[in-house]
Protein chains: 2
Amino acid sequence: MLDTALSLFTRKGYFNTSLQDIRKESGISIGSIYHHFENKEDLARNLFHSLLERFEASVQQIVADHGDCRSRCRAVMKDMFDIAGDHPEMMIFILYARHREFMPHERTICSARPFEITREFIRQGMDDGEIRPMDTWVAASALFGGAVRIIQLHLDGALPDALDSYFEQTWEAGWRAVAA
Amino acid sequence: MLDTALSLFTRKGYFNTSLQDIRKESGISIGSIYHHFENKEDLARNLFHSLLERFEASVQQIVADHGDCRSRCRAVMKDMFDIAGDHPEMMIFILYARHREFMPHERTICSARPFEITREFIRQGMDDGEIRPMDTWVAASALFGGAVRIIQLHLDGALPDALDSYFEQTWEAGWRAVAA
DNA sequence: GTCTATACGAGGATAGAC
DNA sequence: GTCTATCCTCGTATAGAC
């Protein structure tokens, strides 16, 4: 059910997806949906949190597997590209949707755990001299902003080539922007 | 009327803004709105295009005023910061809204003129040796991706300080990412 | 060109059987 | 826990007077 909702939300947008649509595509009746969730917004919120959790687990794993800031950052960016390639719906829903419009009570996405963790080890990289001294927000934006843009272009169908083929250049540009 | 619509669309989102809302806040009756526009989507589209035109004029002016790629890019980024500071609604509507959801027939924003012009003089900067050889999409993303992220963070209320105070660092990081 | 009144449909939500 | 049937609000859009 969540899978169907995710697929529809990202293809048509939250507001263009009716519960009827979800019922038709998932085969689950509206009554059942309301048995599991309070309402449509609650459904979206659950979906959102489950995706964030997967993301967070991913980032935690990366932190555990890599010791220095540079390889952590690179692994996170690679992960973003992989997810965008394999599960574009996930990526769209996480970083492309205007969550505030349909989940007004949710905190803004950048205060979500995986993003906090990332900023945290960027700050650490700065202390260790891997990253030049600068504002943490600027560093995180400069490092990953290019990747986010490229992924959005890809999701919009604007890029001529496969997403993967842009990774190396995007990574190098991002790192150049902040490397000490 | 367009001003009211812009304000409401950016505050509450397109789908959360009813024609009643626009009527109440602008004082103009729904009948009148339909006299000027075909429907709600048409209203949004007109708004969108008028904003893009202002943006394009701005970029054209910058190209005319500056000769080299570096100062052009810097001026464009400064312009983005200025607009985001002075008219946040404009900025939100242009680069933050999921236009496809309510204007399904509109081409994706990155194919809009001002963005094309920008990519064009980036390509030129590459030919002139100001920017290191790389994919044009990657270059544009790396250069401005960080700025877009910072502006979004600002619009989300996530940044502790005034937007302006982040400009210098953001610009330098962006340029470092692509400079030859 | 601007207004009021109203038609009409869609979609979120609920009740209650099984 | 899943279903069907139904309610009811709300929002888009139109008709037609001034």
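Values reported hereafter were calculated over all heavy atoms of this structure, with side chains retained and with hydrogens, waters and symmetry mates removed. Numbered from 1 within each chain, the chains take letters A, B, ... in sequence-line order. Since the model is a prediction, treat every value here as computed from it, not as a measurement.
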Whole angstrom value for the distance that separates C1' of D/dG11 from CD1 of B/Ile33: 12 Å

Length of the CZ-P vector between A/Phe102 and C/dG12, whole Å: 13 Å

Short side-chain N/O contact to C/dG1 OP1/OP2 from B/Ser32, under 4.0 Å: no

Nucleotide of C/dA13, D/dA13, D/dT2 approaching A/Ile30 most closely (side-chain heavy atoms): C/dA13

Inter-axis angle, terminal five-pair segments of the helix from C/dG1-D/dC18 to C/dC18-D/dG1 [nearest 10°]: 0°

Partner set under side-chain contact (heavy atoms from CB on, under 4.5 Å) for A/Arg113, not counting sequence neighbours: A/Glu56, A/Gln60, A/Glu116, A/Ile117

Ring geometry between B/Phe93 and B/His99 (parallel below 30°, tilted from 30 to 60°, perpendicular above 60°): perpendicular

Side-chain touch A/Arg132/B/Arg176, heavy atoms, less than 4.5 angstrom: yes

Within-4.5 Å side-chain heavy-atom neighbours: B/Ser7 and B/Glu25: yes

Any residue of residues 1-27 of chain A with a heavy atom less than 4.0 Å from an atom of DNA chain C: A/Thr17, A/Ser18, A/Leu19

Length of the line joining A/Asn39:CG and C/dG11:P, which is rounded to integer Å: 17 Å

Residues which pass side-chain contact (heavy atoms from CB on, under 4.5 Å) with B/Ser18, listed by chain and number, not counting sequence neighbours: B/Gln20, B/Asp21

Quick one: which protein N/O atoms are closer than 3.5 Å to N/O atoms of nucleotides 15-18 of chain C? Pair and distance per line, please.
none

N or O in side chain of A/His35 less than 4.0 angstrom from D/dT2 OP1/OP2: no

Close side-chain approach of B/Ile28 to B/His35, heavy-atom, < 4.5 Å: no

What donor-acceptor contacts under 3.5 angstrom involve side-chain atoms of residues 73-91 of chain A, with partners at least two apart or in another chain?
{"from": "A/Arg74", "atom 1": "NH1", "to": "A/Glu168", "atom 2": "OE1", "distance (Å)": "3.1"}
{"from": "A/Arg74", "atom 1": "NH2", "to": "A/Glu168", "atom 2": "OE2", "distance (Å)": "3.0"}
{"from": "A/Lys78", "atom 1": "NZ", "to": "A/Asp82", "atom 2": "OD1", "distance (Å)": "2.9"}
{"from": "A/Asp79", "atom 1": "OD2", "to": "A/Ser58", "atom 2": "OG", "distance (Å)": "2.8"}

Residue B/Tyr34, side-chain heavy atoms: nucleotide from D/dG1, D/dT14, C/dT14 that is nearest: D/dT14

Trace of the side chain to side chain donor-acceptor pair (under 3.5 Å) decision for A/Gln61 with A/Asp65: CA-CA 6 Å; A/Gln61 189 60 46; A/Asp65 289 350; 3.1 Å; yes

Side-chain N or O of A/Ser29 closer than 4.0 Å to phosphate OP1/OP2 of D/dT2: no

Shortest side-chain distance from A/Lys40, nucleotide among D/dC3, C/dG12, C/dG1: C/dG12

N/O (side chain, B/His36) to phosphate O (OP1/OP2, C/dT2) under 4.0 Å: yes

